[in-house]
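Notes follow the structure.
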Amino acid sequence: MFGKRSIIGLVVALAICLSVLTPLLASAEQTTGCPLGIEEDQFWVRTSVQMVDMKQKYDRATDSMVPLPDGWHKQVRTSGFRLGYGLTEEWEVGLLLIERSINQRSFNKQKKTWSDVHDSGIGDVWLALGYKFLEEKDWGGFDEAYMKLGLAYKSGLLDTLSDREILEGIGNGAREMRLVLLTHEVLGRLAFCNHLMYHWRGSAPTIAGSKLSGQNLTDRLNYKFNIEYEVAEGWAAHIGLFGWMDLQEVSFAGNFVGKGMDGQKAHMHRLVFALERSLGEDKYDHKKVKLAYGIPYSVKNGMAPNYDLSVVAMYTW
């Protein structure tokens, strides 16, 4: 029904349209890929386009999230491009590039001036390795079961971020690592796709005027517990819990100690609903487009949106 050119055209067109028209936030782990893995000698492209419109900020006086002050705004558009390759039926490698565009206006109480940011650039470059160690039929009461371990590494040597871009939030300039357990189980028309990730975030670079200058960034635990139901051939509905939480207290530098999120543990937990259209012939094709709507139900972070809408598109050959 769909030729290769038409599928690629659909993916690209959808990504462009959504980047312009919708507020997006994708929080699923994207560095290490899917628990189903990639078949040997197969390439897998995964793209995502995100736009976050922040509506809340952390208020230290009340220890709660409050609406942004009048005149403030922050929109972040994020584009992700991941290329994976199957070395064998079990082993795969991947490269992820993340580009961010920041549009922000805020007020500096000390200087009593407004600050505007309009910038974009490559913020993160991740290298990943995956090993699928389980692929079984009739396992543990499930019709099918898959498990994979993923390891991802981000080195500051692989990006060209300037101090200005780090201060603006294009990227954090830190060396980071992610260790991820990914699982996928099938039971009739139901499927369970989950991950549990330990995220080591390293140290922020030393930059004058930075709240995090030279400080150890908090390690994080990231999770996804997702249920998928096949509503019709090629169509599936999803509902899941997505989230992350700091494992240590945030530590600010210099004159920022005792302000904002300093000494706090940040977190964000969301309920997500999604609709997925599969264009492939089997589960290994990874030829899909997914739209998701998320509702944050517990948030403690520097800034946060009231809701999020996300899109992910992928293709294999």
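A tilted orientation is assigned to the rings of Trp91 and Tyr131, their planes being inclined by 30° to 60°. Aromatic ring pairs are classed by plane angle as parallel below 30°, tilted from 30° to 60° and perpendicular above 60°; the pair Phe43 and Tyr85 is tilted.
Glu99 has a carboxylate O that lies under 4.0 Å from a charged side-chain N of Arg77, or vice versa, which qualifies the two as a salt bridge. Between Lys55 and Asp53 a salt bridge is recorded (basic side-chain N to carboxylate O distance below 4.0 Å). The pair Lys265-Glu249 does not count as a salt bridge, with every side-chain nitrogen at least 4.0 angstrom from each carboxylate oxygen.
Annotation for Gly121 and Ile170: closest pair O-CG2, 3.5 Å, computed over non-hydrogen atoms. In terms of heavy atoms, Cys34 sits closest to Glu92 at O-OE1, 4.5 Å. Pairing each heavy atom of His184 with each of Cys193, the nearest pair is ND1-CB, 3.8 Å. Nearest heavy-atom pair, Ala232 versus Arg189, reported as atom, atom and distance to 0.1 Å: N-NH2, 4.0 Å. In plain terms, the two heavy atoms of Ile98 and Gln30 that are nearest each other are CD1-NE2, 3.9 Å. Minimum interatomic distance between Val272 and Ala292 (heavy atoms only, all atoms of both residues): CG1-CB, 3.8 Å.
In this structure, Asp308 CG and Met51 CE are separated by 13.0 Å, a value rounded to the nearest 0.5 Å. Taken to the nearest 0.5 Å, the NZ atom of Lys154 stands 10.0 Å off from the CH2 atom of Trp200. Note: Asn222 CG to Met197 CE = 3.5 Å, rounded to the nearest 0.5 Å. Rounding to the nearest 0.5 Å places OH of Tyr293 at 12.0 Å from OG of Ser310. Atom-to-atom distance recorded for Met65:CE and Met303:CE is 9.0 Å, nearest 0.5 angstrom. Rounded to the nearest 0.5 angstrom, Arg100 CZ and Ile102 CD1 are separated by 7.5 Å.
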* In sequence, state the C-alpha distance, the side-chain angles, and the governing distance for Lys132 and Glu90, and then conclude on salt bridge (charged side-chain N to carboxylate O under 4.0 Å, His left out). => CA-CA 5 Å; Lys132 184 172 61 176; Glu90 294 82 21; over 6 Å; no

* Hey, mind stepping through Glu89 and Glu39 against side-chain contact (heavy atoms from CB on, under 4.5 Å) and telling me if it holds? -> CA-CA 5 Å; Glu89 293 298 322; Glu39 292 188 305; 4.1 Å; yes

* Would you check, one step at a time, whether the test side-chain contact (heavy atoms from CB on, under 4.5 Å) holds for Lys300 with Asp63? => CA-CA 9 Å; Lys300 189 175 186 179; Asp63 190 29; 3.1 Å; yes

* To do: Please test Leu247 against Tyr198 for side-chain contact (heavy atoms from CB on, under 4.5 Å), starting from the C-alpha separation and ending with a verdict.
  => CA-CA 10 Å; Leu247 298 177; Tyr198 185 86; 3.3 Å; yes

* For Leu95 and Val125, run side-chain contact (heavy atoms from CB on, under 4.5 Å): C-alpha distance rounded to whole Å, both residues' side-chain angles, the deciding distance at 0.1 Å, then the answer. => CA-CA 7 Å; Leu95 171 67; Val125 181; 4.0 Å; yes

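Side-chain atoms of His286 come within 3.5 Å of backbone atoms of Gly37 as a donor-acceptor pair (strictly under, hydrogens ignored). Under a 3.5 Å cut-off, the side chain of Asp59 and the backbone N or O of Thr62 do form a donor-acceptor pair. Gln248 places a side-chain N or O within donor-acceptor distance of the main-chain N or O of Asp219, the cut-off being under 3.5 Å. No donor-acceptor distance shorter than 3.5 angstrom exists from the side chain of Ser155 to the backbone of Arg175, with no hydrogens or angles considered. For the pair Asn194 (side chain) and Asn226 (backbone), a donor-acceptor distance under 3.5 Å is present. Of the possible donor and acceptor atoms, one in the side chain of Arg60 sits under 3.5 Å from a partner among the backbone N and O of Gly258.
Of the residues listed (His195, His199, His269), the one engaging Tyr223 in a ring pair (Phe, Tyr, Trp, His ring centres under 6.0 Å) is His269, and it is the only one. The residue from His267, Gln264, Arg220 that alone fulfils the side-chain hydrogen bond (donor to acceptor under 3.5 Å, both in side chains) condition with Asp246 is Arg220.
Linking ILVMFWY side-chain heavy atoms closer than 4.5 Å, directly or via other members, places Leu149 and Val93 in a single hydrophobic cluster. In the hydrophobic cluster analysis, where Ile, Leu, Val, Met, Phe, Trp and Tyr join through side-chain heavy atoms closer than 4.5 angstrom, Val180 is grouped apart from Leu134. Linking Ile, Leu, Val, Met, Phe, Trp and Tyr residues whenever their side-chain heavy atoms come within less than 4.5 Å leaves Met314 and Leu182 in two separate clusters. Linking ILVMFWY side-chain heavy atoms closer than 4.5 Å, directly or via other members, places Leu151 and Leu221 in a single hydrophobic cluster. Criterion: ILVMFWY side-chain heavy atoms under 4.5 Å apart, direct or through other members. Under it, Leu190 and Val186 are not part of a common hydrophobic cluster.
Counting only heavy atoms from C-beta outward, the side chains of Val312 and Thr47 never approach each other to under 4.5 Å. Contact check for Arg46 versus Leu96: no side-chain heavy atoms found under the 4.5 Å cut-off. Side-chain contact check for Leu271 versus Leu241: some heavy-atom pair is nearer than 4.5 Å. No side-chain heavy atom of Gln215 sits less than 4.5 Å from a side-chain heavy atom of Ser210. Counting heavy atoms from C-beta outward, His238 and Lys290 have side chains that approach closer than 4.5 Å. Within the 4.5 Å cutoff, no side-chain heavy atoms of Glu136 are placed close to those of Phe142. Met261 is listed as a side-chain neighbour of Phe252, based on a closest heavy-atom distance under 4.5 Å. With contacts defined as side-chain heavy-atom distances shorter than 4.5 Å, the pair Lys148/Tyr146 does not qualify.
Within 6.0 Å of atom CG in Asn255, 12 or fewer heavy atoms from other residues, nucleotides or ligands are found, so the atom counts as exposed in its surroundings.
If you check the side chains of Thr183 and Glu185, you find a donor sitting under 3.5 Å from an acceptor.
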